[in-house]
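Just so it is clear, the model here is predicted, and its values are computed rather than measured. Below, chains carry the letters A, B, ... as their sequence lines are ordered, and counting in each starts from 1.
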Amino acid sequence: MAISFEPSEATKQARAHFHSIAREQLRPISRRYDDQEHDLPTEWVDWYWRNGRGQAPQVDGPSDGFVQVCVQTEELCWGDAGLYLRTPFAGLGGSAVLAAGNSEQKQRFLSVFQGDGHPVWGAMAITEPQAGSDSANIQTTAERDGDDWVLNGTKIFCTGGEGASQIEGGFVVVWATIDRSAGRGGIKAFVVPAGTKGMTLVGLENKLGIRASDTATLRFENCRVPTGNLLGSAEVHKKGANKDAKAKGGGKGFKGAMATFDASRPIVAAMAVGVGRAALDCVLETLDREGATPRYDAPPTEQTALERDVIEMEAELQAARLLTWRAAAMMNQGRPNNLEASMAKAKAGLAVTHITQKAVELLGPGGYSKKLLVEKWMRDAKINDIFEGTQQINQLIVARRILDYPSGMLR
Amino acid sequence: MAISFEPSEATKQARAHFHSIAREQLRPISRRYDDQEHDLPTEWVDWYWRNGRGQAPQVDGPSDGFVQVCVQTEELCWGDAGLYLRTPFAGLGGSAVLAAGNSEQKQRFLSVFQGDGHPVWGAMAITEPQAGSDSANIQTTAERDGDDWVLNGTKIFCTGGEGASQIEGGFVVVWATIDRSAGRGGIKAFVVPAGTKGMTLVGLENKLGIRASDTATLRFENCRVPTGNLLGSAEVHKKGANKDAKAKGGGKGFKGAMATFDASRPIVAAMAVGVGRAALDCVLETLDREGATPRYDAPPTEQTALERDVIEMEAELQAARLLTWRAAAMMNQGRPNNLEASMAKAKAGLAVTHITQKAVELLGPGGYSKKLLVEKWMRDAKINDIFEGTQQINQLIVARRILDYPSGMLR
Amino acid sequence: MINFEPSDEQQLVISTVRQFAEQEIRPLARACDEQAALPAALLAQAQALGLLSNALPEAHGGGGERSALLGALVAEELAWGDLASALGILSPGLLALPVADFGSPEQQAALLPGFSSDHFTSASLALLEPHFGADPFRPRTTAKRTGDGYQLDGAKCLVPWQTGGDAPTPVLVFAVEDGAPQGFLTPRDAPGLRATPSAHMGIQALPTVDLELEGVHVPESARLGDAAGSDLRALITRGRVALAALGTGVARAAFEIARDYAKEREAFGKKIAQKQAIAFKLADMAIEIDGCRLLTWEAAWRLDQTPPAQSGSVLREATLALSQVRRVALEVTDGAVQVLGGHGYIREYLPEMQLRNARGLASFECLALV
Amino acid sequence: MINFEPSDEQQLVISTVRQFAEQEIRPLARACDEQAALPAALLAQAQALGLLSNALPEAHGGGGERSALLGALVAEELAWGDLASALGILSPGLLALPVADFGSPEQQAALLPGFSSDHFTSASLALLEPHFGADPFRPRTTAKRTGDGYQLDGAKCLVPWQTGGDAPTPVLVFAVEDGAPQGFLTPRDAPGLRATPSAHMGIQALPTVDLELEGVHVPESARLGDAAGSDLRALITRGRVALAALGTGVARAAFEIARDYAKEREAFGKKIAQKQAIAFKLADMAIEIDGCRLLTWEAAWRLDQTPPAQSGSVLREATLALSQVRRVALEVTDGAVQVLGGHGYIREYLPEMQLRNARGLASFECLALV
């Protein structure tokens with residue numbers, strides 16, 4: 001088929017469906033859970049869990065696949081990105097299980113998300129106090145002891161980490177090294193079920209935005225999980241080891257984590273687009289109401305600064321959205337999208353940072369006040385420039401790809 | 001005395017003087033010598049040489065010192081930066097002699113610039129085909145042979161290199177290594193008089209802008225100069241050598257070249273400000289003529305994009321000018337200004353690139369056409385982002401200074 | 001279904017034009033700029049590819065496969081080779097496409113067959129005006145009804161003015177008639193029409209003129225679309241999509257040169273591409289260029305979902321795409337000059353020319369159409 | 001003679017305020033933001049420095065050393081400590097300085113002595129309005145002559161509303177009388193005046209209110225400057241210089257935190273400051289901040305060459321400075337958040353607060369004066 005920008009019928013229906021959820025379920029409680037940081041947004045969690053986990057109506061016909069997922073994510077985050085992140089999802093932990101787990105593990109850890117029980121959460125724990133975006137430098141250790149792996153270390157910035165570590169049925173996928181001398185090759189992922197002894201919720205971060213989301217610090221002290229909770233193989237491939245062997249069995253360690261990011265980046269970018277659109281929509285609605293709808297045919301010397309700002313915001317947002325959809329569409333075809341996913345994430349994070357900051361400015365003192373949600377969206381938006389790989393990390397990945405440099409050539 | 005932005009009387013008079021030179025001598029021939037690339041602008045060269053080398057009227061009272069030099073440079077470059085660079089000056093070569101030469105050398109090489117003879121030029125040759133801004137990596141060699149130094153190598157991007165190498169009385173200061181194993185410590189400066197055997201003018205660059213200026217490639221093949229033409233000492237200080245010794249005698253080698261740059265950067269920044277102001281003045285005059293004078297009290301939502309652009313251009317230009325003056329004022333007090341000079345150069349280069357590019361846009365198809373000089377100023381301005389240390393080099397110097405890092409810590 | 005992969009047919013066109021740009025346009029780009037002329041042979045070769053002909057109605061000898069998206073794909077590739085050459089090659093479309101979209105049957109029959117031939121037929125459109133603050137949507141040039149036609153008065157600038165081709169075609173002049181802009185097919189040798197060659201910072205190889213129109217008389221039949229007229233908004237929309245595609249091509253070309261230079265050039269013992277300041281700049285360029293392309297594709301695709309007469313309904317998307325491209329093409333070409341340092345500033349390398357060309361995009365309207 | 005070095009006296013003021021900011025303001029900044037309040041003790045300590053008193057006329061107990069430049073130097077240092085605290089500390093000037101510049105002898109005698117004392121006297125100015133597109137130069141709030149005074153009607157927002165001090169001072173409300181804006185000294189408890197606490201993304205520690213004015217009556221003597229009136233343009237000019245200085249301080253504070261963090265933090269085996277992407281960003285911040293400071297100094301210095309009533313003649317310079325500061329303070333604080341990465345996003349470090357505070361600069365006018 002040819003290039004097309006026409007969403008499938010299923011995508012259109014899903015968009016409408018999630019838009020109404022965003023409008024009716026999320027927006028009304030947005031301000032409250034921004035103010036009441038760390039409170040569980042029970043209305044949303046329960047509503048979502050009870051109402052088919054937000055499932056969109058089934059539609060026959062072709063599917064946009066991952067692009068549709070992006071559209072859905074955009075709609076929910078148009079509603080509220082903080083609450084979206086607090087939704088009872090398997091989250092990045094679930095993606096890791098899907099990407100690197102065997103079928104028994106998928107069944108064991110993920111079926112609860114389709115079950116009839118209470119809401120559950122999954123999460124992923126990678127970042128450590130001294131590491132930041134340097135995920136190859138993981139200090140948390142996993143040592144084999146009989147039929148168990150014993151984890152020791154501290155993880156920070158674990159999105160969804162409270163729910164995943166505290167509520168029965170949930171789990172945290174923890175990245176730890178089983179052989180520090182092996183560098184990246186020694187890093188493996190372990191599923192730690194909620195409530196496992198030795199896993200402690202140390203605290204939750206007070207944040208600039210996405211305050212409804214629980215960003216946790218988790219401590220692992222002699223935390224034991226059975227060997228069956230290791231995702232992928234325990235084999236360690238040292239630097240310079242046979243590449244074939246790496247590709248076969250070892251690809252589920254560090255590279256597995258990275259592959260999870262490739263898959264998650266378009267979703268994260270779509271989150272960003274949703275927040276940015278919320279702010280832009282608010283500006284456009286205000287302008288319409290005030291009879292100041294931007295002109296696309298203004299003479300160059302008569303265009304207002306406001307018109308130019310709005311045009312730039314619209315263009316930036318749409319560019320971010322299309323880059324996101326492109327990265328998602330490549331996943332539909334099973335094509336590697338490491339470059340395109342990083343492009344989308346880098347662009348979306350930056351674009352919505354600008355768009356939301358500009359929206360606050362354009363709305364004047366009102367935009368700066370807490371009477372509108374725009375100020376909150378500006379605070380929420382900034383996370384997209386930071387988490388799941390900062391702006392700089394994504395630039396780095398893009399740069400390596402376009403230069404065709406291995407990581408050693410450009411750091 | 002307290003902080004003051006009031007130029008001295010001498011500076012005011014010099015400004016008026018050089019402004020009228022710029023308007024009457026340079027502007028009328030601007031377009032011609034842009035079109036007739038590589039032609040010597042004889043009207044300007046002769047006028048300047050005959051008319052007291054442009055000397056400003058003597059004024060009693062306090063002097064702004066180097067700040068006045070910046071003001072004068074700004075005025076001339078407001079006239080035409082390409083012609084300014086073709087002015088019979090001792091140039092950077094002269095600055096190097098002043099900074100690193102002994103009194104005999106100063107007399108021998110510089111007196112001709114005050115003399116009654118024909119116009120003469122000085123130039124500095126550092127850059128090499130494979131080195132770019134990496135001036136520590138100089139490949140041109142100087143070998144001692146009896147009472148001579150014998151130079152071999154090729155220099156590119158030598159501003160003023162045609163006049164300095166071809167017209168009797170002029171000279172080129174050539175940076176060459178006398179001991180490659182010593183790295184920077186082995187780099188020394190040699191004065192090569194115009195017409196010296198073995199120095200060949202290979203060619204002149206065809207450039208984007210400043211086309212009236214002669215950017216030369218010079219080849220040195222067994223080019224002999226007497227030992228008395230070495231600036232500073234022949235002693236080589238190797239890496240890790242005693243710092244005191246370095247500070248005493250060796251400071252006139254590589255560090256001497258760098259000091260020349262510190263002194264020249266505010267002047268180069270002032271050149272940039274002059275070109276940027278030419279473009280901005282043209283925009284402001286056009287707006288005044290069209291009854292579209294920018295308002296400084298426009299309500300935020302009614303400000304035109306044009307007004308915002310002009311305000312930004314004005315602010316950027318003035319910020320660049322003040323940073324330049326600050327770096328120059330520090331020289332008056334003999335204070336090290338490496339940080340401030342690099343700040344000024346970086347800011348001015350970038351600011352006037354933007355200002356002139358914007359000016360072309362704001363003037364529409366007319367700004368893009370060759371009927372106005374704005375398109376030329378845009379082409380001229382870009383050199384300020386590149387020569388005498390690119391944007392990146394200046395950022396690097398600023399970064400090292402603010403981080404208090406030696407060069408080895410940040411490259 | 002949302003899809004970003006060109007079809008086989010689209011891919012074939014891209015590959016063909018890319019090869020043409022690489023082998024025929026790019027090698028001549030510097031010389032064309034310095035000599036301020038486009039070789040007739042290049043235009044003839046390009047015409048032989050049948051890009052325009054393919055888009056014209058079958059009834060008049062064309063292929064009947066009009067597609068703005070295909071036009072955008074072609075424009076990007078041509079401009080990757082060289083912007084001035086691309087504008088020259090696409091210039092027949094400045095008359096042919098408006099006539100195809102709005103022309104009366106008689107106008108179509110008279111003018112279109114010439115553009116479907118293998119010979120390059122030069123053509124032009126006069127929209128931009130030289131006064132400060134000129135508004136392309138609301139020209140000041142006037143068209144007044146006279147007894148047997150119209151009288152045109154005003155001034156135009158940046159009008160492509162190539163010669164060559166079997167017969168000189170009229171220039172399509174936009175003027176305001178009773179408050180609404182309309183196009184008038186004006187013979188190049190009409191009394192009262194004076195063309196003065198003009199020169200610009202960039203696109204030097206494209207011959208352009210300033211036009212003065214003083215009491216120029218054209219017959220009633222010269223009005224594009226006859227009684228029905230034409231829609232300038234539709235043309236500007238198509239012009240903006242074309243410019244967006246062209247600008248994307250210029251930016252991509254400059255980016256690639258900068259990238260390759262950075263991988264070759266050493267400083268301080270490393271390739272300069274290994275410096276974050278350079279590498280990240282290149283990464284940003286790549287991201288922005290892809291964003292521009294996707295915005296352009298979307299606007300073009302929307303045009304293809306819309307009857308030509310209603311093209312103006314896509315003005316928003318076209319404007320968004322072009323506004324990004326104007327910014328990005330300038331930033332990328334300026335950045336490429338910067339990456340090349342001293343070599344960026346000399347006319348041995350292409351980025352300085354690409355910077356001059358890219359700066360023009362801010363002022364252009366309807367210098368090409370899709 | 002052009003000189004960028006502060007005099008000994010200027011340097012002494014800078015050092016004193018810098019020390020105060022470092023020792024008294026900064027340590028409380030986070031707690032003030034979280035608790036949305038400024039400790040009375042902090043305001044009292046700041047008052048004891050005599051910054052405002054020094055600028056007021058000697059006739060009313062002040063030091064008679066009014067200097068906008070000194071005001072700018074002070075503002076930068078205070079805001080380096082914390083913007084909300086700086087605004088609180090400077091808020092008495094919102095009434096005292098306009099009264100010093102424009103007040104009638106009676107108004108000066110009644111109001112100024114209180115501000116020259118060692119006690120912090122809260123004061124306020126109401127200029128900004130809540131409607132979309134509000135124009136600070138042309139308020140919508142109206143002042144109508146009545147038999148014995150004026151009737152004020154309208155709405156204001158972002159009005160600093162501290163309490164404390166010996167006696168509550170009137171709020172200086174700007175309203176349009178016969179087409180020209182004038183200031184009216186309005187008692188806080190005037191019937192018809194309703195103050196509702198407001199909350200914002202940033203400057204949370206500064207108490208602010210929305211004001212509604214419905215048929216508020218003030219006597220004839222409430223008009224600032226009596227018959228002569230006052231010049232809003234002059235006040236806005238002084239407000240812009242103050243904001244520019246404050247914004248420079250915020251940016252400098254965020255820059256320093258980012259710089260120090262980058263020198264401490266390791267990634268991939270190196271300090272992150274050793275990465276060009278970080279180092280160059282820090283270099284750009286430093287350059288832009290210095291540019292902002294110099295522009296601000298120049299505007300302030302020009303104010304000092306101008307009689308207070310003609311301050312409006314410096315509007316251009318003040319606007320240029322503030323326009324740069326608005327951009328730079330936002331970019332630098334956003335950049336600081338970025339340099340700190342995850343730590344930039346949490347409320348353990350100051351950059352996230354500085355970003356929230358800096359964003360407000362775009363909407364502020366006359367939240368402080370020099």
Side-chain angles (χ1 to χ4, degrees), chain B residues 35 37 127 129-137 156-157 204-211 215 283 286-287 289-290 292 306 349-350 353-354 356-358 360-372 374-376 378-379 382-383 385-387 389-393 395-396 399 407 411, chain C residues 30 34 128-136 156-159 198-204 208 210 265-270 272 274-275 277-278 281 326 330-331 333-335 337-349 351-353 355-365 367:
Chain B
D35 288 343
E37 196 170 14
T127 309
Q130 292 314 314
S133 288
D134 180 5
S135 17
N137 187 29
I156 59 171
F157 300 150
L204 297 174
E205 301 290 359
N206 296 327
K207 301 189 298 296
L208 171 59
I210 54 163
R211 293 188 182 177
T215 305
V283 170
T286 305
L287 292 179
R289 205 166 48 233
E290 301 285 337
L306 179 66
L350 199 58
T353 294
H354 289 160
T356 54
Q357 288 176 353
K358 199 43 131 169
V360 169
E361 176 184 341
L362 295 183
L363 294 168
Y368 195 60
S369 90
K370 293 206 167 181
K371 279 178 210 150
L372 296 177
V374 175
E375 66 84 23
K376 175 183 181 295
M378 173 183 144
R379 292 186 283 108
K382 186 67 197 164
I383 193 63
D385 237 2
I386 293 174
F387 78 167
T390 59
Q391 182 68 21
Q392 284 73 30
I393 289 293
Q395 281 175 313
L396 191 62
S407 59
R411 287 180 188 282
Chain C
R30 173 56 70 189
E34 294 284 326
L128 293 170
E129 296 185 344
H131 59 276
F132 177 79
D135 180 353
K156 297 288 178 180
C157 66
L158 246 176
V159 182
S198 59
H200 300 88
M201 169 162 63
I203 57 163
Q204 295 194 131
T208 58
D210 293 332
R265 179 83 177 171
E266 286 198 7
F268 304 100
K270 271 189 173 182
I272 64 171
Q274 293 181 267
K275 300 283 175 190
I278 301 284
K281 188 195 275 268
R326 282 173 164 162
L330 183 66
E331 283 174 9
T333 54
D334 183 85
V337 168
Q338 204 61 32
V339 168
L340 268 67
H343 292 117
Y345 200 70
I346 60 175
R347 301 211 298 284
E348 202 178 316
Y349 293 80
E352 68 81 30
M353 181 182 87
L355 170 59
R356 289 186 281 115
N357 289 345
R359 177 65 297 187
L361 294 168
S363 307
F364 299 165
E365 293 275 10
L367 281 203

> Nearest 0.5 Å, what's the CG-CD1 distance between B:L208 and C:I346?
Replying inline: 11.0 Å
>> Just so I understand: if I count every heavy-atom pair under 4.5 Å between each of C:A277, C:C157, C:G360 and chain B, which residue has the most?
In response: C:G360
> Atom CG of B:D35 and atom NZ of B:K376: how far apart are they, to the nearest 0.5 Å?
Replying inline: 10.0 Å
>> At a 4.5 Å cut-off on heavy atoms, which part of B:T286 comes close to chain C: side chain, backbone, both, or neither?
In response: side chain
> How far does OG1 of B:T215 sit from CD1 of B:I210, to the nearest 0.5 angstrom?
Replying inline: 5.0 Å
> In terms of heavy-atom proximity below 4.5 Å to chain B, should C:I203 be classed as side chain, backbone, both, or neither?
Replying inline: both
> So which part of C:H131 gets closer than 4.5 Å to some heavy atom of chain B, the side chain, the backbone, both or neither?
Replying inline: neither
> Which of the residues C:E129, C:E352, C:M201, C:E34 is involved in the greatest number of heavy-atom pairs with chain B at under 4.5 angstrom?
Replying inline: C:M201
>> Tell me which of these, C:G341, C:G344, C:G342, C:A362, has more heavy-atom pairs under 4.5 Å with chain B than the rest.
In response: C:G342
> Which bit of B:Q357 comes within less than 4.5 Å of chain C, counting heavy atoms only: side chain, backbone, both or neither?
Replying inline: both
> Can you say whether C:R356 sits under 4.5 Å from chain B via the side chain, the backbone, both, or neither, judging by heavy atoms?
Replying inline: both
>> Ring-plane angle category for C:H200 and B:Y368, please: parallel below 30°, perpendicular beyond 60°, tilted otherwise.
In response: parallel
> Sub-3.5 Å donor-acceptor pair from the side chain of C:T208 to the main-chain atoms of C:L158, do we have one?
Replying inline: no
>> Can you tell me how far apart CG (B:L396) and CD (B:Q392) are? Round to the nearest 0.5 Å.
In response: 9.5 Å
>> For C:Q204, which atoms come within 4.5 Å of any heavy atom of chain B: side chain, backbone, both, or neither?
In response: side chain
>> For B:R379, which atoms come within 4.5 Å of any heavy atom of chain C: side chain, backbone, both, or neither?
In response: both
> Looking at C:R359, C:R326, C:E348, which has the largest count of heavy-atom pairs under 4.5 Å with chain B?
Replying inline: C:R359
> Is it the side chain or the backbone of C:K270 that comes within 4.5 Å of chain B heavy atoms, both, or neither?
Replying inline: neither
>> At a 4.5 Å cut-off on heavy atoms, which part of B:L306 comes close to chain C: side chain, backbone, both, or neither?
In response: side chain
> Relative to chain B, which segment of C:D334 carries a heavy atom at a distance below 4.5 Å: side chain, backbone, both, or neither?
Replying inline: both
>> Checking the side chain of C:R30 only, and the main-chain atoms of C:Y349 only, is there a donor and an acceptor separated by less than 3.5 Å?
In response: yes
> Side chain, backbone, both or neither: which part of B:T353 has a heavy atom under 4.5 Å from chain C?
Replying inline: side chain
> Roughly how far, to the nearest 0.5 Å, is the CG atom of C:L355 from the CE atom of B:M378?
Replying inline: 4.0 Å
>> Donor-acceptor check, side chain of B:Q391 to backbone of B:G349, threshold 3.5 angstrom: yes or no?
In response: no
> Who among B:G367, B:G364, B:G366 has the most heavy-atom pairs with chain C under 4.5 Å?
Replying inline: B:G364
> CD1/C:I272 to CD/C:E266 distance, rounded to the nearest 0.5 angstrom?
Replying inline: 10.5 Å
> So which of C:S198, C:A199, C:P130, C:G133 has the biggest tally of heavy-atom pairs under 4.5 Å with chain B?
Replying inline: C:A199
